[in-house]
Protein chains: 2
Amino acid sequence: MPWLAPTPKNQVVNEICDRIWLAVVQRTLRPGTRLKEEDLAEIFGATRARVRQALALLEQDGLVTLSPNRGACIAEPGIEEAHDAFATRLHVEQRLVTRLCRKITAEQVVTLRAHVARERAAHQAGDSEAMIRLSGEFHMLIATLAEGELLHRILRTLTIRTSLITAMYQARSAQTCGPDEHARIVDAIAARDEVTAIAEMTHHMQHLEAELDLSDQNQPAAGLRSALLGRG
Amino acid sequence: MPWLAPTPKNQVVNEICDRIWLAVVQRTLRPGTRLKEEDLAEIFGATRARVRQALALLEQDGLVTLSPNRGACIAEPGIEEAHDAFATRLHVEQRLVTRLCRKITAEQVVTLRAHVARERAAHQAGDSEAMIRLSGEFHMLIATLAEGELLHRILRTLTIRTSLITAMYQARSAQTCGPDEHARIVDAIAARDEVTAIAEMTHHMQHLEAELDLSDQNQPAAGLRSALLGRG
DNA sequence: GTCGACAAAAACGTCGACAATATTGCCTGT
DNA sequence: ACAGGCAATATTGTCGACGTTTTTGTCGAC
């Protein structure tokens with residue numbers, strides 16, 4: 001998570017969280033992967049206590065599951081949870097866009113356009129890591145400008161979760177959404193056209209979800225029983 | 001928080017969280033109170049590590065603020081955040097009620113009615129602690145029955161935050177809402193009457209917020225400067 | 001030959017002590 | 001007498017080590 005909490009001391013913990021998050025969305029770390037504390041501690045050159053803090057934060061964000069005395073694994077949201085996450089996030093995004101349309105300033109429009117420009121640059125440069133980060137930050141920027149601290153936090157968690165789901169279920173090659181849809185959302189917001197802005201945002205989210213393969217067959221094995229028995 | 005996470009081992013941490021939460025909503029612990037780790041450790045007979053875990057969780061829920069090298073204080077949400085919390089919670093509650101209206105079963109109605117009956121019993125018995133707990137659990141029960149894990153978690157946080165705000169700003173004597181409004185909400189849900197259910201829930205939340213004194217004058221001092229200078 | 005139990009190893013959870021940092025009271029210089 | 005700096009204290013942050021639980025490999029009995 002590049003967003004939130006850049007406190008100077010906890011920076012190590014955030015670094016760990018960020019790396020794990022990035023590895024997940026880049027599909028380097030597959031869901032279900034076991035995360036041993038000592039290994040992580042050695043990898044990041046940190047102590048186990050720090051790793052433990054990071055894992056606790058990641059659990060709050062739903063990126064890892066933390067079983068008592070069993071350790072941490074990358075979370076494996078099922079299709080049910082996937083639909084739930086997208087539906088909830090869509091609802092929050094719609095609300096944020098509506099609010100932003102009503103209070104947007106010219107200066108904020110410049111900020112949004114600048115961000116989209118950065119996205120475009122990363123897209124053309126083929127910098128996949130920057131594209132991933134900027135794509136997420138775009139939505140967080142909307143939340144920031146919309147001025148709702150709570151909705152901001154909520155959207156942060158939902159964005160992380162949908163990122164995991166996208167990395168988990170996306171069928172085709174890692175086709176992260178281009179900046180065009182973001183640009184159209186910004187246009188609508190800049191024009192203070194609420195209904196168009198909502199429509200664009202809805203289309204954007206549905207497009208994101210539609211690219212996933214959320215059929216039952218590749219649901220992760222809940223306890224490997226159904227995985228090996230063909231889940232009759 | 002009586003709700004969530006009854007793991008056998010972390011029970012100590014939850015106990016600490018619960019006690020602190022209860023003390024806050026009962027106005028025994030005022031917002032802004034400094035929470036020294038060693039004191040809490042001795043009070044609860046736990047070690048400082050456990051207290052630290054509890055404080056970290058409470059910070060996630062927005063009940064305490066955690067400043068680096070400064071320790072923990074009971075959070076002091078301003079009137080802006082108060083309105084934000086109530087508005088967001090209202091929105092979530094409306095969504096949950098809508099969803100529940102569409103999928104409610106007879107058995108679930110029985111569960112809801114039984115809960116309201118317990119509220120009524122506690123109300124007549126004058127058990128204020130039980131009233132507080134059951135009032136919160138009523139809304140969480142709705143979220144549970146509505147079957148949205150994410151909305152459930154979101155509402156949990158929002159409920160905790162509004163509890164803090166209520167304890168902080170409520171003007172009259174601790175008049176926690178009687179079970180009557182809850183009963184009417186249940187009636188509407190049982191009848192699958194979405195619009196009435198939403199209306200009742202909205203009325204309930206507005207009633208809760210209306211009883212607070214959210215005028216600027218008793219906003220907590222942001223740095224005591226405005227507190228002592230009369231905040232010109 | 002297979003099943004059950006036991007023991008060893010590994011990983012997590014916990015604790016106490018040490019170091020870093022902020023606050024506070026005091027002292028000195030002007 | 002007051003201001004500024006300094007030292008003492010109190011509190012938090014961090015670390016390494018130990019106890020506990022889970023897992024796994026092995027042995028013995030039926």
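Per chain, numbering begins at 1; letters A, B, ... match sequence-line order.
- Regarding B:Leu66, its CG atom lies at a distance of 16 Å from the P atom of D:dT11, rounded to whole Å.
- By the salt bridge (Lys or Arg N to Asp or Glu O under 4.0 Å) test, A:Lys103 pairs with no residue at all, sequence neighbours left out.
- Counting to the nearest Å, the P atom of D:dT14 and the CZ atom of A:Phe44 are 17 Å from each other.
- Looking at residues two or more places apart in sequence or on another chain, you find a side-chain hydrogen bond (donor to acceptor under 3.5 Å, both in side chains) between A:His204 and A:His139, A:Glu181, A:His182.
- A:Thr144 meets the side-chain hydrogen bond (donor to acceptor under 3.5 Å, both in side chains) test with A:His152; sequence neighbours excluded.
- Atom-to-atom, CG of B:Asn69 to P of C:dA19 comes out at 17 Å; the value is rounded to the nearest Å.
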What N/O pairs connect the protein and nucleotides 5-7 of chain D at under 3.5 Å? Give each pair on its own line.
none

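- Residue whose closest nucleotide on DNA chain D sits further toward the 5' end, between A:Gln53 and A:Arg70: A:Gln53.
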Short N/O separations, protein against nucleotides 15-18 of chain C, under 3.5 angstrom:
{"residue": "C:dC15", "atom": "OP2", "partner": "B:Thr47", "partner atom": "OG1", "Å": "2.9"}

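- Between the CD atom of B:Glu38 and the P atom of D:dT9 there is a distance of 16 Å, given to the nearest Å.
- Closest contact between the side chain of B:Arg52 and the listed nucleotides D:dT14, C:dG13, C:dA11 involves D:dT14.
- Protein atom CG of B:Leu40 is 13 Å distant from nucleotide atom C1' of D:dT12, rounded to whole Å.
- Atom C1' of nucleotide D:dT12 and atom CG of B:Leu55 are separated by 11 Å, given to the nearest angstrom.
- Per the geometry, CD belonging to A:Glu37 stands 15 Å off P belonging to D:dG16, to the nearest Å.
- For B:Gln94, the side-chain hydrogen bond (donor to acceptor under 3.5 Å, both in side chains) partners two or more places apart in sequence, or in a different chain, are B:Thr202.
- Here C:dA11 presents its P atom at 13 Å from CG of A:Leu35, a figure rounded to the nearest Å.
- Remark: B:Glu147 engages no residue in a side-chain hydrogen bond (donor to acceptor under 3.5 Å, both in side chains) (not counting sequence neighbours).
- Among residues two or more places apart in sequence or in another chain, the salt bridge (Lys or Arg N to Asp or Glu O under 4.0 Å) test is passed with B:Arg52 by B:Glu37.
- For B:Asp127, there are no salt bridge (Lys or Arg N to Asp or Glu O under 4.0 Å) partners at least two apart in sequence or on another chain.
- Applying the salt bridge (Lys or Arg N to Asp or Glu O under 4.0 Å) rule to B:Glu15 yields the partners B:Arg19; only residues at least two apart in sequence or on another chain are considered.
- Annotation: B:Glu59, atom CD; neighbour count of heavy atoms from other residues, nucleotides and ligands within 6.0 Å is above 12.
- Using modelled atom types, no side-chain atom of B:Thr33 and backbone atom of B:Leu29 make a donor-acceptor pair closer than 3.5 Å.
- Taking the ring pair (Phe, Tyr, Trp, His ring centres under 6.0 Å) definition, one finds that A:His91 meets it with B:His91, sequence neighbours left out.
- Where pairing requires Watson-Crick or G-U contacts shorter than 3.5 Å, the helical stems of DNA chain D with at least three consecutive pairs are C:1-30 with D:1-30.
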